[in-house]
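Position 1 is the first residue of the sequence; numbering continues from there. All values reported here derive from a predicted model rather than from experimental measurement. First listed ligand is number 1; within each ligand, the first listed atom is number 1.
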Amino acid sequence: MATKLYPPLKPYKSELLPVSDLHKISVKQFGNAQGQPVLFVHGGPGGGCDARDAQRFDPAQYRAILVDQRGSGDSLPHAELTDNTTWHLVDDFEKVREHLGIEKWHVFGGSWGSTLSLAYAQKHPECVRSLTLRGIFTLRRAELDYFYNGPGTNFIFPEYWDEYIAVIPEAERGDMIAAYYKRLTSDDAAVRAEAGRAWSRWEMATSRLHVNKDYLDRADDAEFADAFARIEAHYFVNAGFFERDGYLLERAQIDRIRHIPCVIVQGAYDMVCPPKTAWDLHKAWPEAKYIVVPAAGHSAMEEGTERALIEAADEFAKL
Ligand SMILES: CNCC(=O)c1nnc(C(C)(C)C)o1
């Protein structure tokens, strides 16, 4: 049973899979080509995968499949919002699964990755062997308002909150997501870049229990920040493209996945996706194992969170 990341590894196969006339998505495979397939679902949306994400899976046991969702990471066109919705991404996972000749796979995702993993599993339960979900986010209005419009978070990270709102004129601060979306879709590259960095800094600063400079500095990677901020804001102004607020937690939706082995891992001091949503998911789905990591924020890289995620993956490899 591993309690820390497996050694760094390189993909044994990387490809760009055409999924529409416009979009090609990056699919990288790591570990044992004959192992148990696991789909890694990255966060954001728009965050993209990192080779480090593959290190949570025992390379002797797993065939880890890291997919950069539309417009994210190495997928092309970069930061593209056209034909980029939750249901396009769900359909893309099915195209990847069929392309790779996989019948069923483990599904593993955190934050937005937990959102998309739930949406995928609820639509295709017959293809999901297990679910490992971290930092639960279901894109309800209250979740978005809490983090992007305050006031909760500005009491906890006041200096970063002031930076985040500084980009937006006071008259527009009543709806920060709409105000940022206007700038993130601007034809003025400088306006778009300033908004992308400020939005990303807000999220990177608040993702760890203690602000981590390397994590924060990711917001200075203009290419990452552009995709991360644009695609997040695009999904949020469209309420995740879900039929109703709270859709993923509805009884009928949970009933479709209730039989699937699941572990929920939640940081007790997750300020981006606070424990209330994970608790609501646990109440709706008591069969799912529910782990709260005491000294952890939002990120999967928090020590206790990383350990719990790897332990869950090691256990699910035995299924
Ligand atoms: C509300 N979105 C949070 C999320 O999904 C997320 N936070 N950080 C990430 C990355 C690790 C991908 C940067 O994703």
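Under the side chain to side chain donor-acceptor pair (under 3.5 Å) criterion, K10 pairs with no residue, sequence neighbours left out.
Side-chain atoms of S117 come within 3.5 Å of backbone N or O of G113 as a donor-acceptor pair. The backbone N or O of T138 lies less than 3.5 Å from a partner atom in the side chain of E143, making a donor-acceptor pair.
Between the CG atom of N212 and the CZ atom of R218 there is a distance of 11.0 Å, given to the nearest 0.5 Å.
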Identify all side-chain donor-acceptor contacts of residues 261-273 below 3.5 Å with residues at least two apart in sequence or on another chain.
from : atom 1 : to   : atom 2 : distance (Å)
Q266 : OE1    : I136 : N      : 3.0
Q266 : NE2    : D270 : OD2    : 3.4
Q266 : NE2    : C273 : O      : 2.9
D270 : OD1    : V272 : N      : 2.9
D270 : OD1    : C273 : N      : 2.7
D270 : OD1    : H298 : ND1    : 3.1
D270 : OD2    : H298 : ND1    : 2.7

List of N/O pairs, ligand 1 versus protein, all under 3.5 Å?
from     : atom 1 : to   : atom 2 : distance (Å)
ligand 1 : 2 (N)  : G44  : O      : 2.8
ligand 1 : 2 (N)  : E203 : OE2    : 3.0
ligand 1 : 2 (N)  : E232 : OE2    : 3.0
ligand 1 : 5 (O)  : G44  : N      : 2.6
ligand 1 : 5 (O)  : G44  : O      : 3.3
ligand 1 : 5 (O)  : S111 : OG     : 2.7
ligand 1 : 5 (O)  : W112 : N      : 2.9
ligand 1 : 7 (N)  : E203 : OE2    : 3.0
ligand 1 : 14 (O) : G44  : N      : 3.1

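For residues 45-81, the set of pairs meeting the ring-ring contact (aromatic ring centres under 6.0 Å, His included) definition, not counting sequence neighbours, comprises F57-Y62, F57-F108, Y62-H106.
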